Asker: 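A single structure is presented below for examination.
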Amino acid sequence: MAVIFLGLCLQLPFQTLKELPLHQRVSVGEKLDFDLNLPKFLADNFEFTINGVKPTTFYLGSTTPVAANPGQLEVQVKLFGLIPVRHMTVSVVPEIRVIPGGQAIGVMVESEGVMVVGRSAIVDEKGIRHNPAAEAGVELGDVLIKVNGQKVETESQVRDIINKLGQDGKSLDMELRDRHSKEIYKTRIKPIYCNETKRYRIGLFVRDSTAGVGTMTFFDPQTKSYGALGHIISDIDTCQPINLDRGKIVAARIEGIRIGRKGQPGEKMGVFRGENDISGTITKNTNCGIFGKLNKAPKNIYGNGTVPVAMAGEVKEGPAEIYTVLKGDKIEKFKIQIEQVNPHSTEGKGMIIKIVDQRLLQKTGGIIQGMSGSPIIQDGKLVGAVTHVFINDPSRGYGVLAEWMLYDSGVLPKHVSERNYAEFGAMTNIAC
């Protein structure tokens, strides 16, 4: 019975320890806080051993180590100092400071090749319907790269090539990237004369670019790197990620708000202001946002100077703020609540947030399109950015963690040090 009782008492703590990440990151000067919320009598029996320059042993209930230098270390968790229960790697990264955004930006993206966004039947001069592209296996979301060895970049270019080859009685040797496998495949299609449009076609609708309004999350004054949107840019018709060829961001001005309601997401309505205020390139389009370099840094900054960026393990449930623009180019601050943190989530959804600021709820109904990328600030640190809205509850949505955006932007390299271990100091009498 004693063994059973002990097993029941330790079941929850062991389950909690099992959910600890195998790899965790902290900033220099931050304590190694595992936030296990164990009863003190149990915390006092879980021993953490750090194999570093100077081996350090501590218990959750008494001591919390603090990172002193960048590097990497190994942490071994034992019960009663004897039974190994968990092994972790902790990377200590230099403190990163950035200027938080909130500015409205215009985003213009051109894809690699042209994306197939629709198919349609062709009616010939005899009234017979054809769809040669569908018969050749071309699907929505596939990207057309070349026609007869010639690289294609615009809708009009593809249209003219098809019509010209059709007039010459020639077939098209097409190279496309499959939407699923991302592999290049080839197919041959013969254009058919369309009685409606009076030109040769193959039964496809394609798109070469997209544009919209979003929000800048941060920029680094040292490297001129920036991050924005907090999510990947996808084609509106196919919902497929756009294979970025080139793009840019410019300043935008918000002219109006369409209020969001249950089942009907709201929207910021803005106009592009050109490159006089903000100007930059887009070099990456990832699950965590768009990234590139600024040619011209924004002038309309909320607050003064830089703020530190929180690593994923530092983000907590509780109150926070977002910076965003609702009118013109004025950045405002609004209260939110971080309801859940999931640093191991995929697709950039690391937080669930809720808008609690009544003024923002009255003006927008909650999270709306164009708010994506609005920086989330907690305890004076950049912790993430607004990304998606819950369709059935516009006051709630997802946020992406700032640490993930830093890696995709290149501001924080994935391999921060060639040293094997980091040095740690200790703070006593601080409960973890």
Side-chain angles (χ1 to χ4, degrees), residues 25-27 29-30 33 35 93 95-105 214-222 225-231 268 288-289 291 297-326 329-343 348-361 363-364 366-368 370-389 395-409 411-412:
R25 298 177 183 88
V26 297
S27 299
E30 295 294 332
D33 189 350
D35 194 24
V93 300
E95 183 185 65
I96 304 296
R97 299 184 69 91
V98 298
I99 296 178
Q103 299 86 356
I105 56 172
T215 303
M216 181 179 292
T217 305
F218 69 87
F219 69 95
D220 178 10
Q222 301 297 322
S225 298
Y226 76 88
L229 294 192
H231 62 75
K268 289 184 182 183
C288 295
F291 306 93
K299 297 178 181 178
N300 55 327
I301 299 173
Y302 189 93
N304 297 315
T306 61
V307 300
V309 179
M311 296 294 101
E314 300 174 49
V315 186
K316 308 296 181 185
E317 297 175 2
E321 299 168 331
I322 64 171
Y323 298 168
T324 200
V325 174
L326 298 185
D329 61 1
K330 180 184 178 183
I331 302 174
E332 299 183 77
K333 179 172 62 175
F334 300 98
K335 295 178 182 179
I336 69 166
Q337 188 79 8
I338 299 177
E339 295 188 329
Q340 184 177 328
V341 181
N342 186 1
K349 299 175 180 178
M351 291 181 281
I352 294 178
I353 62 174
K354 181 179 178 65
I355 305 295
V356 296
D357 195 295
Q358 291 302 311
R359 188 166 67 91
L360 183 58
L361 290 171
K363 290 189 174 184
T364 67
I367 300 171
I368 58 176
M371 197 178 286
S372 296
S374 299
I376 301 174
I377 309 296
Q378 184 182 59
D379 298 329
K381 295 184 177 183
L382 175 68
V383 300
V386 179
T387 57
H388 300 79
V389 61
S395 70
R396 301 172 70 237
Y398 287 111
V400 62
L401 294 169
E403 178 185 334
W404 299 346
M405 296 185 73
L406 285 184
Y407 282 112
D408 282 357
S409 71
V411 172
L412 183 62

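Remember, predicted model here, so these are calculated numbers, not experimental data.
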Asker: Do Leu361 and Ser395 have side-chain heavy atoms sitting under 4.5 Å apart?
Answerer: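 Heavy-atom side-chain distance check passes, below 4.5 Å.
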Asker: For the pair Ile338 and Val383, evaluate side-chain contact (heavy atoms from CB on, under 4.5 Å) and give the outcome as yes or no after the intermediate values.
Answerer: CA-CA 10 Å; Ile338 299 177; Val383 300; 4.3 Å; yes
Asker: Got a second to check how far Gln222's CD is from Ile99's CD1, nearest 0.5 Å?
Answerer: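 Answer for the CD-CD1 pair, Gln222 versus Ile99, is 9.5 Å.
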Asker: Of the non-hydrogen atoms in Phe219 and Pro298, which two are nearest, and what is the gap between them?
Answerer: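 Where Phe219 meets Pro298 most closely, the heavy atoms are CE2-CG, 3.5 Å.
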Asker: Is Thr364 close to Ile355 at the side-chain level, that is, under 4.5 Å between some pair of heavy atoms?
Answerer: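 No; the side chains remain at least 4.5 Å from each other.
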Asker: Excluding sequence neighbours, so at least two apart, what forms side chain to side chain contact (heavy atoms under 4.5 Å, CB included) with Ser374?
Answerer: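 Checked Ser374 against side chain to side chain contact (heavy atoms under 4.5 Å, CB included); matches are Thr215, Thr324, Met371, Val386.
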Asker: For Tyr398, give me all partners under ring-ring contact (aromatic ring centres under 6.0 Å, His included), at least two apart in sequence or on another chain.
Answerer: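 Per chain and number, Tyr398 pairs via ring-ring contact (aromatic ring centres under 6.0 Å, His included) with Phe390.
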Asker: State, to 0.1 Å, how close Val307 and Pro100 come at their nearest heavy-atom pair, and which atoms those are.
Answerer: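 Closest approach of Val307 to Pro100, heavy atoms only: CG2-CD, 3.8 Å.
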Asker: Among residues at least two apart in sequence or on other chains, which ones pass side chain to side chain contact (heavy atoms under 4.5 Å, CB included) with Pro308?
Answerer: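 Partners of Pro308 by the side chain to side chain contact (heavy atoms under 4.5 Å, CB included) criterion, ordered by chain and then number, come out as Glu95, Arg97, Lys381.
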Asker: Leu326 and Leu360: side-chain contact (heavy atoms from CB on, under 4.5 Å), yes or no, with the steps?
Answerer: CA-CA 9 Å; Leu326 298 185; Leu360 183 58; 3.8 Å; yes
Asker: Report the residues that fulfil side-chain hydrogen bond (donor to acceptor under 3.5 Å, both in side chains) with Glu339, sequence neighbours left out, ordered by chain and then residue number.
Answerer: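 Scan of Glu339 (side-chain hydrogen bond (donor to acceptor under 3.5 Å, both in side chains), adjacent residues dropped) gives Arg396.
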Asker: By side chain to side chain contact (heavy atoms under 4.5 Å, CB included), which residues pair with Asp329, not counting sequence neighbours?
Answerer: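 Asp329 satisfies side chain to side chain contact (heavy atoms under 4.5 Å, CB included) with Arg273, Asn300 only.
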Asker: Once side chain to side chain contact (heavy atoms under 4.5 Å, CB included) is applied, do any residues pair with Lys335, and if so which ones, sequence neighbours excluded?
Answerer: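 Here the qualifying residues are Val356, Asp357.
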Asker: List the residues meeting side-chain hydrogen bond (donor to acceptor under 3.5 Å, both in side chains) with Gln340, not counting sequence neighbours, and say none if there are none.
Answerer: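 Gln340 satisfies side-chain hydrogen bond (donor to acceptor under 3.5 Å, both in side chains) with no residue once adjacent residues are dropped.
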Asker: Looking only at heavy atoms, which two atoms of Ser409 and Ser225 are closest? And how far apart?
Answerer: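 Taking every non-hydrogen atom into account, O-OG, 4.3 Å.
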Asker: So which atom in Gln378 and which in Ala320 form the shortest heavy-atom distance, rounded to 0.1 Å?
Answerer: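 Gln378 and Ala320 have their closest heavy atoms at CB-CB, 4.1 Å.
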Asker: Knowing that exactly one of Leu401, Leu382, Val309 qualifies, which makes a side-chain contact (heavy atoms from CB on, under 4.5 Å) with Leu406?
Answerer: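 For Leu406, the side-chain contact (heavy atoms from CB on, under 4.5 Å) test succeeds with only one of Leu401, Leu382, Val309, which is Val309.
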Asker: Hey, could you give me the CD1/CZ distance between Ile96 and Phe218, rounded to the nearest 0.5 Å?
Answerer: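 Here the interatomic distance stands at 10.0 Å.
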Asker: Kindly give the heavy-atom pair with the smallest separation between Thr306 and Pro221, and that separation in Å.
Answerer: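 Shortest heavy-atom separation between Thr306 and Pro221 comes out as CG2-CG, 4.2 Å.
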Asker: Check whether Glu403 reaches the backbone of Ala312 with its side chain - one donor and one acceptor, N or O, closer than 3.5 Å.
Answerer: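 Checking the backbone N and O of Ala312 against the side chain of Glu403, a donor-acceptor pair under 3.5 Å is found.
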Asker: Working note: Ile367 + Ile353, criterion side-chain contact (heavy atoms from CB on, under 4.5 Å); need CA distance, chi angles, decisive distance, verdict.
Answerer: CA-CA 10 Å; Ile367 300 171; Ile353 62 174; 4.1 Å; yes
Asker: Where is the tightest heavy-atom contact between Met351 and Ala385, given as atom of each residue plus distance?
Answerer: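 That closest heavy-atom pairing would be CE-N, 4.4 Å.
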Asker: How many angstroms lie between CZ in Phe334 and CD1 in Ile322, if you round to the nearest 0.5 Å?
Answerer: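 Reported value, rounded in 0.5 Å steps: 7.0 Å.
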Asker: For Phe291, which residues count as a ring-ring contact (aromatic ring centres under 6.0 Å, His included) partner, sequence neighbours excluded?
Answerer: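 Not a single residue meets the ring-ring contact (aromatic ring centres under 6.0 Å, His included) criterion with Phe291.
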Asker: Quick one: pull up CD in Gln103 and OH in Tyr226 and give me the separation to the nearest 0.5 Å.
Answerer: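 Output value for this atom pair is 12.5 Å.
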Asker: Excluding sequence neighbours, so at least two apart, what forms side-chain hydrogen bond (donor to acceptor under 3.5 Å, both in side chains) with Ser372?
Answerer: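 Expected list: His231.
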Asker: Please answer whether the main-chain N or O of Val325 pairs with a side-chain N or O of Lys268 as donor and acceptor at a distance below 3.5 Å.
Answerer: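 Between the backbone of Val325 and the side chain of Lys268 there is a qualifying donor-acceptor contact (under 3.5 Å).
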Asker: Any donor-acceptor pair under 3.5 Å linking the side chain of Thr217 with the backbone of Gly373?
Answerer: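 Yes; judged by distance alone, with no hydrogens or angles, the pair exists.
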